[in-house]
Every structure is written in C-alpha cells, then in structure tokens.
Amino acid sequence: MLIVFNLKNDEYTEMEGKSEDPFLHVNYEPDRHRLVVASDFFGTAFTTYLALEEDKFYISDSLFKIQRMLRRKSELNTDMLPHFFYNGFLPGSHTLIKGIYKLPPKKRVIAEDGAIRAEDYEMEFGDSCGEGRSLEKMYDEVMLQAVSTALPDTEKYNLALSGGFDSNCLLYLIKQLKREAETDCYSVGGSVGIDETKDAAAIAGMYENLSFYRTMVTSDTLKHLDEIVYRLEGSVYERGVFLQYELAKMLHEHGCTHLICGECADQVFHVKSYGLASEDRFLFGYQDTPYEMASYVVLKKSAVMLHSFGIRGIYPYLDEGVIRLGYTTRMENGDNKEFHKSQCKRLLPQAVFRNLKKIGGSTELLSLMDAGTDYEELCKTCRYYDPEFRYTEKYSKKEAVMDYYLSLKYIESFERQFCDHEE
C-alpha cells in the first residue's frame with residue numbers, strides 16, 4: 001500500500017493498491033475532502049508509515065516504499081536508539097528513520113483543510129455480557145464466533161501450535177466447528193533450552209485429520225540476521241523474532257498462504273491492558289504495560305514477518321468481540337489470564353489440558369549464540385555501544401548481555417540496509 005494525499009488540493013491517490021492489514025482503516029471522504037487513517041484497538045498488524053514532504057502526505061505499510069517516494073536522504077534516528085535498545089521498539093509515532101513517522105495505537109490521523117492532526121481513539125466497550133448471560137456462556141459464544149469468522153475459505157487450515165493455552169484453545173474450537181477439516185499444525189522450538197515442540201506434538205497426536213510439522217531455532221538462524229532485519233524493516237527487535245523467522249520460513253516451504261495464530265491472548269486477557277499508561281514512560285514490559293507490548297511487539301513480530309513471506313496472519317484473539325470479552329472479564333483474569341485458563345480447563349479434553357504448559361513464546365538466545373564467547377567484550381566493538389547501558393532484569397545476566405549485543409548488531413544491519421551513506 002502506498003497512498004499520497006495532496007494537502008494543497010485534497011487530491012487522493014492510491015499509488016500501490018489497498019492495505020492488506022486487517023486492523024488498518026484508511027477512509028477518504030471526497031465530499032469533505034478529508035482523509036482519515038485509523039487502527040483497531042490494539043493497533044495495526046503492519047507498521048503504518050507516515051511522512052510529509054512539501055504539500056504531500058504519504059501513507060504506506062512499507063518503509064521501503066515510503067523512502068522511495070521521498071526526495072531526502074534517510075538518516076538513522078539516533079536520538080531514539082536508547083528506547084530501542086531497552087525495549088526493542090520505539091514508542092509513539094517515532095521510527096528508526098528521521099522524518100518518517102508511524103501511526104501509534106489508540107490514535108487516528110486526519111488530513112483536511114491543508115493540515116494534518118492526530119486524535120485519540122478509544123474503544124467503547126459497553127456491557128458485553130448482557131442480561132441473563134453468564135460469563136462462561138459469553139466466553140463460549142464469543143470465542144466460537146471469533147474463530148468461525150477468522151477461518152479462511154480454504155480446504156485446509158494452518159495453525160501455529162505451542163504447548164500453551166492459547167493456540168490449543170484455538171485448535172479445539174476449530175475442531176468443534178470443522179471436525180472433519182484437515183488441519184496442519186506448525187511448531188518451533190530451540191536447540192538449547194526451551195523446546196515446546198515435544199508438548200505440541202503430543203497434543204497434536206490426540207486429534208484426527210491433523211498433520212504436525214516442526215522446526216528449530218539454531219545457531220544457523222543467526223546467520224540470517226540481515227534478512228530478518230530486512231523483512232521486519234526495523235519495526236521490532238526481540239529474541240522472539242528468530243522463532244518467528246523460522247516459523248514463517250517453514251510455512252513458506254510448505255506453500256502456506258495463511259496462519260491462524262494465538263498471539264495477544266496474554267494481553268487481551270490482562271487487566272492492565274484496559275487502563276491508562278503514562279505517555280512519557282521509558283521502560284515497557286509484559287506485566288506492567290501489556291497493551292503496548294501487544295501493539296508494538298507481539299503483533300508486529302508475527303504479522304510483519306509472515307507478510308514478508310506472503311503469508312496472512314490471522315489473529316482470533318484480536319477479534320472485537322474477544323477484546324470486549326477481555327474487558328468484561330478483566331478483573332477475573334487479573335494479570336495471569338486466570339478466567340481464560342479456567343475456561344480452557346472447562347472446555348478442552350482433559351488429556352489435552354494435562355499436557356498444557358505455560359511456556360514463553362520465544363526460544364532462549366543460547367540456541368543462537370556460542371556459550372564460550374565473551375559478548376560483553378563484543379558489545380564494545382559495536383558502533384552504537386553505550387558504556388552507560390544498564391542491563392534490565394528481563395533475562396539472566398548472560399542472556400541480557402547476548403540480547404544487548406544482538407540489538408546492537410540489529411541496528412547496524414538496519415542502518416546498512418535502510419539508511420543513505422556518504423559516497
């Protein structure tokens with residue numbers, strides 16, 4: 001997608017078709033000479049890039065496309081690098097390129113009367129339970145409807161399967177709706193440390209008309225860092241991007257055109273996703289700021305990577321009805337999706353439920369790295385190394401050092417591929 005809106009004469013031009021992002025809404029109102037760019041509650045699946053040059057307002061879901069249209073040099077946004085190294089993304093409207101911005105979650109951008117303005121967007125939740133309907137009944141109805149709506153018009157369904165609650169809930173519901181339908185399940189593990197493919201394989205074996213495929217994150221995965229950065233266009237860095245890369249590559253090799261994903265259930269069923277976070281916050285994390293992590297990290301690393309391989313990511317937990325369900329049950333869920341898990345226990349076959357484990361959706365960096373290498377010293381050789389950088393407690397010290405090193409190399413790769421260089 002590439003759109004140009006001329007602020008001088010309100011001329012709207014679709015230069016490269018419509019967006020494939022299911023959560024992005026671009027509406028041109030010719031009678032009002034107005035363009036509105038907005039997202040659903042948890043933001044857009046792909047980064048929506050925005051730029052203004054003279055009287056032309058550019059909107060695209062591709063950084064490369066918008067860079068190609070601009071007549072100025074692309075420079076790394078070095079002022080924002082501390083945010084990227086600590087969080088793996090840039091909050092708000094910032095991107096890694098100076099002068100190119102993005103549409104943040106809970107915002108809409110309006111172009112009219114020769115100017116551009118941003119407005120807050122809030123979802124009206126209302127009473128989604130309804131009179132006489134229990135939370136359990138509401139859960140069943142909403143989840144079945146969300147999965148039914150999400151299922152593509154294909155003979156076979158592709159599902160990302162882990163050993164956790166969320167993807168297994170989706171698998172169960174798919175089988176309830178389409179018992180005879182063929183389903184292919186895909187799982188990724190780590191060659192060292194976390195490997196949920198064994199649990200996923202055991203569960204897959206309990207269903208009929210199901211094929212199971214797996215792959216692993218290994219040291220060879222790291223050889224593709226430049227490709228990973230290229231495919232993500234620098235939108236996000238987290239150790240989970242390596243798992244997402246191996247998953248998307250496996251799907252591509254199997255000729256898949258879609259993948260049903262359990263992403264964002266942790267955040268939709270989290271009490272803090274429906275509160276107010278400080279706009280000037282510096283550090284973000286899954287427990288304290290689940291909404292931002294869903295919008296900036298979880299959805300982006302999955303959807304953007306899949307899309308780069310020509311695969312459509314499908315996210316039933318981001319269905320509007322499920323989000324309303326998450327809001328209604330936010331107190332029952334707390335910060336550990338307790339209500340959602342209790343419903344999984346109620347619905348899933350006990351043999352399946354007994355095999356469920358809550359495993360983080362990413363592999364350990366030890367799968368990628370050489371345990372005998374001094375990465376703290378290697379960090380010092382990187383261009384944007386900061387001797388004042390303080391390791392957070394997200395990971396162990398060893399993993400934190402590896403994580404910082406990879407984020408430094410990620411930015412170096414991004415600068416090589418997306419920034420103009422002096423001859």
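- Contact record, Phe165 with Lys341: CE1-CD, 3.4 Å, taken as the closest heavy-atom pair.
- One finds a salt bridge joining Lys223 and Asp220 here, because a Lys/Arg side-chain nitrogen approaches an Asp/Glu carboxylate oxygen to under 4.0 Å.
- Proximity of a side-chain donor or acceptor of Glu233 to a complementary backbone N or O of Leu63 within less than 3.5 Å is detected.
- Thr328 places a side-chain N or O within donor-acceptor distance of the main-chain N or O of Arg324, the cut-off being under 3.5 Å.
- Ser19 and Met1 get closest at one heavy-atom pair: CB-SD, 3.3 Å.
- Using modelled atom types, one finds a donor on one side chain and an acceptor on the other under 3.5 Å when comparing Gln145 with Thr149.
- In this structure, Arg330 satisfies the cation-pi test against Tyr327, with its NZ or CZ atom closer than 6.0 Å to the six-membered ring centre and inside 45 degrees of the ring normal.
- Taking each heavy atom of Ser295 and Phe42 in turn, the nearest pair found is OG-O, 3.0 Å.
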Any chance you could lay out the side-chain contact (heavy atoms from CB on, under 4.5 Å) test for Val401 and Asp374, step after step, and finish with the verdict? CA-CA 9 Å; Val401 172; Asp374 188 342; over 6 Å; no
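- In terms of modelled atom types and a separation under 3.5 Å, the side chain of Thr13 and the main chain of Met15 share no donor-acceptor contact.
- Side chain of Lys300 to main chain of Thr44: a donor-acceptor pair is present (N/O by atom type, distance under 3.5 Å, no hydrogens or angles).
- Considering only heavy atoms from C-beta on, Ile323 stays 4.5 Å or farther from Asp40 through its side chain.
- The CZ atom of Arg214 sits 15.0 Å away from atom CD of Glu246, with the distance rounded to the nearest 0.5 Å.
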Using the side-chain contact (heavy atoms from CB on, under 4.5 Å) rule, take Asp166 and Phe269 through it: C-alpha gap first, then chi angles, then the decisive distance, then the call. CA-CA 11 Å; Asp166 309 324; Phe269 295 120; 5.7 Å; no
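- Atom-to-atom distance recorded for Ile66:CD1 and Tyr101:OH is 11.5 Å, nearest 0.5 angstrom.
- We find the OH-CE distance between Tyr245 and Met305 to be 8.0 Å, quoted to the nearest 0.5 Å.
- Considering all non-hydrogen atoms of both residues, Ser62 and Tyr49 come closest at C-CD1, 3.7 Å.
- When each of Ile116, Leu35, Val37, Val36 is paired with Ile110, the side chain to side chain contact (heavy atoms under 4.5 Å, CB included) condition holds for Val36 and for no other.
- The closest side-chain donor-acceptor pair between Asp266 and Tyr317, if any, does not fall under 3.5 angstrom.
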Step by step, would you call Ile59 with Val109 a side-chain contact (heavy atoms from CB on, under 4.5 Å)? CA-CA 10 Å; Ile59 307 104; Val109 174; over 6 Å; no
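- A salt bridge links Glu16 to Arg68: one of the charged nitrogens lies within less than 4.0 Å of a carboxylate oxygen.
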Side chains of residues 176-185: which donor-acceptor partners sit under 3.5 Å, not counting sequence neighbours?
residue, atom, partner, partner atom, Å
Thr183, OG1, Lys175, NZ, 3.4
Asp184, OD2, Lys156, NZ, 3.1

Please determine whether side-chain contact (heavy atoms from CB on, under 4.5 Å) holds for the pair Leu70 and Ile100, giving the CA-CA distance in whole Å, both sets of side-chain angles, and the decisive distance to 0.1 Å. CA-CA 10 Å; Leu70 300 175; Ile100 296 180; 3.9 Å; yes
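- Checking Tyr28 against Glu14 by side-chain atom types alone, no donor-acceptor pair falls below 3.5 Å.
- In terms of modelled atom types and a separation under 3.5 Å, the side chain of Asn87 and the main chain of Leu283 share no donor-acceptor contact.
- A donor-acceptor pair under 3.5 Å links the side-chain atoms of Lys102 to the main chain of Gly92, judged by distance alone.
- Salt bridge annotation for Glu227-Arg231: present, with a cationic side-chain nitrogen under 4.0 angstrom from a carboxylate oxygen.
- Applying the salt bridge (Lys or Arg N to Asp or Glu O under 4.0 Å) test to every pair with at least one member in residues 81-91, sequence neighbours left out, gives no pairs at all.
- Judged by distance alone, with hydrogens and angles left aside, the side-chain atoms of Asp195 form a donor-acceptor pair with the main-chain N or O of Thr197 at under 3.5 Å.
- The side-chain heavy atoms of His254 and Asn158, taken from C-beta on, include no pair separated by under 4.5 Å.
- At a threshold of 4.0 Å, the pair Glu399-Arg239 counts as salt-bridged, since one of the basic side-chain nitrogens sits closer than that to a carboxylate oxygen.
- Between the side chains of Gln244 and Glu263, at least one donor N or O sits under 3.5 Å from an acceptor N or O.
- The heavy-atom pair separating Ile260 from Leu151 by the smallest distance is CD1-CD2, 3.7 Å.
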Distance-only criterion, 3.5 Å: show the donor-acceptor pairs between side-chain atoms of residues 78-85 and protein atoms not counting sequence neighbours.
none

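- Closest approach of Pro316 to Val147, counting heavy atoms only: CB-CG2, 4.4 Å.
- A donor-acceptor pair shorter than 3.5 Å can be found between the side chains of Ser302 and Tyr315.
- Between the side chains of Tyr291 and His270, no donor-acceptor pair of N or O atoms lies under 3.5 Å.
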